[in-house]
Visitor: 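Let me give you the structure first, and then I'll get to my questions.
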Amino acid sequence: MATQSPSRGGFTVSASFDIESGIKAALSDLRVSGDSLAGNLERALHKQDDTSVAGLLRDELNIVSEDILACSPAGDVLRALPAESVRTYAAMPLAWVGEKLKVALIDPTDLDVLLDLHLLSGAAILPIAADRDSIEKLIAKHYQGGNGAGSYVDFSASTGKPGAASATPGASELQKPKGPIRLAAKAGDADSPIVRLVNEIISEAIHAGSSDIHFEPFEREMKVRLRQDGVLRVHRTINARSKAEVVSRLKIMADMDIAERRRPQDGRIRMEGAGHGIDVRVSTLPTEHGEKVVLRILDKGAVALELTRLGMDETALANLEHALKQPYGMILMTGPTGAGKTTTLYSCLNRIKSPETNIVTVEDPIEYKLDGITQTAVKKEVEYTFANALRTILRQDPNVIMVGEIRDKETAEIAVRAALTGHLVLSTLHTNDAPGAVARLLDMGIEPFLLASALTLIGAQRLVRKVCPHCAPPPEEAAAGAKGKGCHLCNRTGYAGRVGVYEVMPVTEGIRSLITAKKDTAAIREAAVQEGMLGLREDGMAKIRAGQTTLEEVLRETA
């Protein structure tokens, strides 16, 4: 018998006969239109609100329905699906039930959506019906950078962690891109779940200030790890069935051969974000369980190339600026890979560039494009090496030359002779400390008297993580080397951003005499300290006392 129910949204559900007719009409239309059952029910039942549709799915088709507004999903649940996909599908992840992901959907009968969610999460989906209003409220609450330990910050649609401190891959402060990152996609690809997944991971990494993205295949999954502040952390996992598609997508974006899986490949991806270009270097490596792909993010807009913001103390900075004012000589920055040497040299070039100065660089590869400076990259396939490039550059009337790295005797000899013939030469060297650079160059075969005459200044550097300013301990604890307590703005690490730790050794007459006499590294270091050089560890301890970093970080980087 027909019964009346309260009016909803201006319409009345008048009788069970009407409901049954509406369901039959919706099912009939489903076979023709291919639309979702919930959408057809809305139309068949005169566009009633979603509460009634969820109720019908529960009552008439025996589909589970819940009131989800009281749910508080944990962080690992919120990270199980890309934020963009959560909004696109109106699919709110609620909890893990064993190995299944419980997800609230307006229409849990939509097999296409369920398949996409399974592909994106790598988990079996346990769908439940919920009304649109409740789903959208939970999405707005948990995917907009809200407060609380379980909140998930959506870097792909925001300016990054609100109020977060800088997290720089090059010792300078990070200016996080605002707005979406635009990645090229072929026509028809934009709606692919794999395309959306890859685009969102890259966008999230850029907005989070990551320097590298690692896609690592294993037997049962692919892990995605981000390097932030020099430390790798797991960002998400991808199911094993999708790892080949993810790798293929990355190789297409980087213009690589997707059919070649036996040999390593290198490529580049070009993107636009926040009004400036972002380059991504891509490298593949064949492994037992598939190809590992590492993306190095080179975001010029994320690095402030300013000497005063690198972290040098006043004396070290004054010595470096004095060396940069000399018309000729050699300035070297030493340290391991990833210590920020190139960023320091770029900052030096940025300081001295002018319309009256011809500055030329040779790099492998060009990391950041600098206005007003001529930059060239080595090309091994055509035998365009550092040495060959230097010979050509010297015929280009340069005032200042930057060599990305001195790796061999030939490059070192040409660079030294350039420094002795009226050119200011800047370069990097892989040694543990500043005095050690002398021994390294002598071992390469450079004559001591030539080296002593060419060198103007040698620096060494490391990068240490900074204490998060949002959860920093009291000043007295910070000065004793304590880190932050951990908050949602620093991913519970207690650190946010990095700062440089430096030792800067001017090559004085006393140091030159030691080089000419072929004295060992210990003698050169002793003389430099007596002349006022602050060692790496001493500079680190000074930054601890200033509350900038911790004893753990300084010991880790200066051991």
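Treat the numbers as computed from the prediction; the structure is a model and nothing was measured.
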Visitor: For Ile258 and Ser248, work out which heavy atoms get closest and say how close.
Guide: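 Taking Ile258 first and Ser248 second, the nearest heavy atoms are CG2-O, 3.9 Å.
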Visitor: Identify the two heavy atoms, one from Ala480 and one from Ile544, that lie closest to each other, and give their separation to 0.1 Å.
Guide: C-CG2, 4.2 Å
Visitor: Evaluate the side chain to side chain contact (heavy atoms under 4.5 Å, CB included) criterion for residues Leu450 and Arg417: first the C-alpha distance (whole Å), next the side-chain angles of each, then the deciding distance (0.1 Å), finally the verdict.
Guide: CA-CA 8 Å; Leu450 291 177; Arg417 293 189 182 278; 4.1 Å; yes
Visitor: Just wondering, more than 12 heavy atoms not from Glu383 lying within 6.0 Å of its CD?
Guide: no
Visitor: Run Cys348 and Leu320 through side chain to side chain contact (heavy atoms under 4.5 Å, CB included) and show every step you take.
Guide: CA-CA 9 Å; Cys348 290; Leu320 178 56; 3.9 Å; yes
Visitor: Has the side chain of Asp229 got a donor or acceptor atom that lies under 3.5 Å from a matching backbone atom of Gly497?
Guide: yes
Visitor: Give, for atom CZ of Arg498 and atom CZ of Arg465, the distance between the pair rounded to the nearest 0.5 Å.
Guide: 9.5 Å
Visitor: Within the structure provided, determine whether Leu441 and Met444 are in side-chain contact (heavy-atom separation under 4.5 Å).
Guide: yes
Visitor: Taking the side chain as everything from C-beta on, heavy atoms only, tell me whether Val280 gets closer than 4.5 Å to Arg268.
Guide: no
Visitor: Where is the tightest heavy-atom contact between Ala460 and Met333, given as atom of each residue plus distance?
Guide: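 Looking at all heavy atoms of both residues, the shortest contact is N-CE, 4.2 Å.
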Visitor: Just wondering, are more than 12 heavy atoms of other shown residues or ligands nearer than 6.0 Å to CZ in Arg407?
Guide: yes
Visitor: If you define the side chain from C-beta out and look only at heavy atoms, does anything of Leu424 sit under 4.5 Å from Ile352?
Guide: yes
Visitor: Excluding sequence neighbours, so at least two apart, what forms salt bridge (Lys or Arg N to Asp or Glu O under 4.0 Å) with Arg556?
Guide: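 Salt bridge (Lys or Arg N to Asp or Glu O under 4.0 Å) check on Arg556 returns Glu553.
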Visitor: Partners of Asp433 by salt bridge (Lys or Arg N to Asp or Glu O under 4.0 Å), sequence neighbours excluded?
Guide: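 Partners of Asp433 under the salt bridge (Lys or Arg N to Asp or Glu O under 4.0 Å) test: Arg525.
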Visitor: Does the side chain of Cys468 reach to within under 4.5 Å of the side chain of Thr493, using non-hydrogen atoms?
Guide: no
Visitor: Show the numbers, then the answer: is there a side chain to side chain contact (heavy atoms under 4.5 Å, CB included) between Gln375 and Leu370?
Guide: CA-CA 8 Å; Gln375 296 173 268; Leu370 304 176; 4.0 Å; yes
Visitor: Could you tell me whether the side chain of Arg261 and the main chain of Glu291 form a donor-acceptor pair under 3.5 Å?
Guide: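 Absent.
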Visitor: For the residue pair Ile202 and Met253, establish whether any side-chain heavy-atom pair is separated by less than 4.5 Å.
Guide: yes
Visitor: Examine distances only and state if a side-chain atom of Asp266 and a backbone atom of Ser283 form a donor-acceptor pair shorter than 3.5 Å.
Guide: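 The answer is no, because no donor-acceptor pair under 3.5 Å joins these two groups.
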Visitor: Between Lys251 and Glu260 (side chain of the first, backbone of the second, donor and acceptor by atom type, cut-off under 3.5 Å), is there such a pair?
Guide: yes
Visitor: Roughly how far, to the nearest 0.5 Å, is the NZ atom of Lys353 from the OH atom of Tyr346?
Guide: 12.0 Å
Visitor: Please report the closest heavy-atom contact between Ala205 and Ile213, naming both atoms and the distance.
Guide: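 The answer is CB-CD1, 3.4 Å.
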Visitor: Mark yes or no for whether Lys243, through its side chain, and His289, through its backbone, hold a donor-acceptor pair below 3.5 Å.
Guide: yes
Visitor: How close do Ile458 and Ala434 get, heavy atom to heavy atom, and via which atoms?
Guide: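 In this case the closest contact between Ile458 and Ala434 is CG2-O, 3.4 Å.
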Visitor: Output the distance between atom CD (Glu503) and atom OG1 (Thr558), rounded to the nearest 0.5 Å.
Guide: 10.0 Å
Visitor: Who passes salt bridge (Lys or Arg N to Asp or Glu O under 4.0 Å) against Lys223, sequence neighbours left out?
Guide: Glu221
Visitor: Please report the C-alpha distance between Glu552 and Thr550 in whole Å, then the side-chain angles of each, then the deciding distance to 0.1 Å, and finally whether the side chain to side chain donor-acceptor pair (under 3.5 Å) criterion is met.
Guide: CA-CA 5 Å; Glu552 175 188 12; Thr550 66; 4.6 Å; no
Visitor: In the structure I gave you, are the side-chain heavy atoms of Lys543 and Val467 within less than 4.5 Å of one another anywhere?
Guide: no
Visitor: If you round to the nearest 0.5 Å, how far is CE of Met256 from OG1 of Thr284?
Guide: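 Rounded to the nearest 0.5 Å, the OG1-CE separation comes out at 5.0 Å.
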Visitor: Can you tell if the side chain of Leu394 reaches within under 4.5 Å of the side chain of Thr421, non-hydrogen atoms only?
Guide: no
Visitor: Looking only at non-hydrogen atoms, find the nearest pair between Pro286 and Arg262 and report the distance.
Guide: CG-O, 3.3 Å
Visitor: Does Asp255, at its CG atom, have more than 12 non-hydrogen atoms belonging to other residues, nucleotides or ligands within less than 6.0 Å?
Guide: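 Counting other residues, nucleotides and ligands, CG of Asp255 stays at 12 neighbours or fewer.
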Visitor: Evaluate the side-chain proximity of Asn199 to Arg249: yes if any heavy-atom separation is below 4.5 Å, no if none is.
Guide: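 Sidechains of Asn199 and Arg249: in contact.
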Visitor: Donor-acceptor pair, distance only, cut-off 3.5 Å: does the side chain of Arg227 make one with the backbone of Asp212?
Guide: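 Not confirmed, Arg227 side chain does not pair with Asp212 backbone.
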Visitor: Would you compute the distance between atom NZ of Lys485 and atom SG of Cys490 and round it to the nearest 0.5 angstrom?
Guide: 12.5 Å
Visitor: Does the Asn358 side chain pair with the main chain of Gln396, one donor and one acceptor, at a distance under 3.5 Å?
Guide: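 Flag set: sc Asn358 to bb Gln396 pair under 3.5 Å.
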Visitor: Indicate yes or no: does Glu204 engage Arg236 in a salt bridge with an N to O separation below 4.0 Å.
Guide: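 Yes, Glu204 and Arg236 are salt-bridged.
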Visitor: Using atom types as modelled and distance alone, determine if a side-chain donor or acceptor of His430 lies under 3.5 Å from a backbone N or O of Gly335.
Guide: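 It does hold such a pair.
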Visitor: What is the distance from atom OG1 of Thr376 to atom CE of Met402, rounded to the nearest 0.5 Å?
Guide: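 Result: 11.5 Å between the selected atoms.
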Visitor: Do other residues, nucleotides or ligands put more than 12 heavy atoms under 6.0 Å from Tyr384 OH?
Guide: yes
Visitor: Is there a donor-acceptor contact under 3.5 Å from the side chain of Thr334 to the main chain of Gly459?
Guide: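 Side chain of Thr334 to backbone of Gly459, a donor-acceptor pair under 3.5 Å: yes, one is there.
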Visitor: Side chain to side chain contact (heavy atoms under 4.5 Å, CB included) for Met541 and Leu551? Distances and angles first, verdict last.
Guide: CA-CA 7 Å; Met541 298 304 289; Leu551 182 61; 4.0 Å; yes
Visitor: For the backbone of Val507 and the side chain of Arg512, can you confirm whether one donor and one acceptor N or O come within less than 3.5 Å of each other?
Guide: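 Yes.
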